[in-house]
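Each remark here refers to the structure printed beneath this line.
Sequential numbering from 1 along the given sequence is applied to the chain's residues. First listed ligand is number 1; within each ligand, the first listed atom is number 1.
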Amino acid sequence: MTAGTAPPSPPPSGAPTAGATRQWRGVVAEYADRLPPEVGTGTVVTLREGGTPLIHSQGLSQRTGCDVWLKFEGTNPTGSFKDRGMTTAISAAVTAGARALICASTGNTAASAAAYAAKAGLTCGVLVPRGKVALGKLAQALVHGATVLQIDGGFDAALSMCRSLDESEAVELVNSVNPYRIEGQKTLAFEVCESLGRAPDVHVMPVGNAGNITAVWRGYHEEHAAGRTAGLPVLRGYQAAGAAPIVRDQSVENPCTIATAIRIGNPASWGPAIAAAEESGGSIRAVTDRAILSAYRLAAAQEGVFCEMASAASIAGLLELADAGELTAGETVVCTLTGHGLKDPDWAIAGAATPPVIAADVDTAAQRLGLRDVA
Ligand SMILES: *Cc1c(COP(=O)(O)O)cnc(C)c1O
């Protein structure tokens with residue numbers, strides 16, 4: 001810096017300088033008037049989550065006869081929709097004077113809580129099922145400085161421990177049993193309605209702990225009640241066949257699926273999820289791991305969207321609905337792709353051949369890339 005030149009004074013409270021173009025502000029600022037007042041009036045802890053793309057799918061539209069859109073939540077700051085609920089839950093917690101957060105997680109809640117806790121200067125404790133968390137999610141929780149404990153048990157046991165700690169200790173629970181989580185996550189429905197200019201006819205999404213289907217239904221309901229949309233979508237929720245307590249009407253002791261983010265045997269929002277599906281005229285069903293894996297590959301190879309395994313349950317569900325003749329031609333369908341595939345690249349790599357090694361030679365490369373006819 002040149003001597004005598006005063007440094008530019010920083011803009012107050014992170015506000016943009018004059019002449020800056022507008023950027024998405026995060027779900028609390030964008031939807032302050034539709035969230036509980038205690039979320040937006042105190043400290044707002046945000047990484048500018050939300051504002052995610054709604055991507056039209058020509059391939060899936062052709063295959064189903066519908067107008068299919070993918071709401072890709074993998075572009076959120078920590079790579080999943082959990083950020084929508086974490087900004088509201090942690091903003092409310094900070095405003096109420098909390099110093100420490102806790103959550104149980106299959107991975108994404110931990111990643112999100114850890115990042116927002118770091119931003120807010122709070123401590124964050126995370127209980128995860130031992131050996132069942134995707135490496136990328138664990139990496140996120142660790143690099144953001146959370147204290148991670150692996151539980152000898154599943155997600156359900158971890159959540160039950162967190163509920164006890166929430167009662168006995170001075171700590172704020174930020175799982176989706178925290179009502180502010182649901183409030184934040186409902187904003188996905190607002191964005192979908194704004195992007196489409198209407199509510200979709202059908203909304204397909206994965207179901208794990210069942211907070212998100214509860215939240216999305218609330219969002220659509222509020223849009224409708226406020227007169228911003230004329231209709232309400234039919235909700236189609238999908239569990240993994242090996243972790244389908246709602247479908248089987250009985251909790252699952254040892255849930256088992258490659259879609260670890262929905263590997264949950266006793267969903268916290270079980271009742272509200274059933275109510276949401278029923279009120280919408282929809283359903284909660286199961287898709288096999290085989291169907292999930294094939295949808296995961298289709299999304300990446302044909303749509304250019306790398307989502308995680310649990311997210312692909314919505315595309316698997318969409319294809320099942322189409323095959324069963326349960327979609328009406330021309331309907332507008334939205335599939336939530338809940339998280340980013342980079343969190344768990346093992347499955348992508350496992351399904352592909354190891355790239356061959358060649359000499360650093362242009363002719364060889366051209367031939368191996370199929371750019372030249374082999375004589
Ligand atoms: C949390 C999560 C789900 C399940 O959402 P629920 O609210 O628990 O039903 C699905 N997919 C991904 C990627 C998630 O992180």
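Regarding atom 2 (C) of ligand 1, its nearest protein heavy-atom neighbour is K82 NZ, 2.4 Å. Scanning the protein for heavy atoms near atom 11 (N) of ligand 1, the closest one is T338 OG1, 2.7 Å. Among protein heavy atoms, the minimum distance from atom 5 (O) of ligand 1 is reached at F81 CZ, 3.4 Å. In this structure, the protein non-hydrogen atom closest to atom 8 (O) of ligand 1 is N209 N, 2.7 Å.
Near V207, the atoms of ligand 1 lying under 4.0 angstrom from a non-hydrogen atom of the residue are 9 (O). Ligand 1 places these atoms under 4.0 Å from at least one heavy atom of G211: 6 (P), 7 (O), 9 (O). Contact atoms of ligand 1 toward G208: 4 (C), 6 (P), 8 (O), 9 (O) (distance under 4.0 Å to a heavy atom of the residue).
Under 4.0 Å from ligand 1, the heavy atoms of A310 that appear belong solely to its side chain. Within the 4.0 Å heavy-atom criterion, the part of E308 lying near ligand 1 is the side chain and not the backbone. With a 4.0 Å heavy-atom cut-off, ligand 1 is reached by no atom of T109. Of all the heavy atoms of N212, the ones lying under 4.0 Å from any atom of ligand 1 are found in both the backbone and the side chain.
Annotation: G339 places no N or O atom under 3.5 Å from an N or O atom of ligand 1; distance criterion only. Residue-to-ligand polar distances place N108 within reach of ligand 1: an N/O pair is separated by less than 3.5 Å.
A donor-acceptor contact shorter than 3.5 Å links the side chain of S311 to the backbone of G339. Without hydrogens or angle criteria, S57 side chain to L60 main chain gives a donor-acceptor distance under 3.5 Å. Listed for the S91 side chain is no donor-acceptor partner under 3.5 Å among the backbone atoms of V44.
In this structure, L135 places its CG atom where only 12 or fewer heavy-atom neighbours from other residues, nucleotides or ligands lie under 6.0 Å away. Other residues, nucleotides and ligands contribute over 12 non-hydrogen atoms within 6.0 Å of the CD atom of E279. The 12-atom threshold is exceeded at CZ of R228, counting heavy atoms of other residues, nucleotides or ligands nearer than 6.0 Å.
H340 and F72 have tilted rings, their planes meeting at an angle from 30° to 60° on a 0 to 90° scale.
R34 forms a cation-pi arrangement with F190, by the criterion of a distance under 6.0 Å to the ring centre and an angle within 45° of the ring axis.
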* To do: Check the pair E331, R198 against salt bridge (Lys or Arg N to Asp or Glu O under 4.0 Å), reporting the backbone distance first and the verdict last.
  => CA-CA 12 Å; E331 279 182 324; R198 51 165 293 195; over 6 Å; no

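Contact between S176 and ligand 1 is absent, with no heavy atom of the residue lying under 4.0 Å from the ligand.
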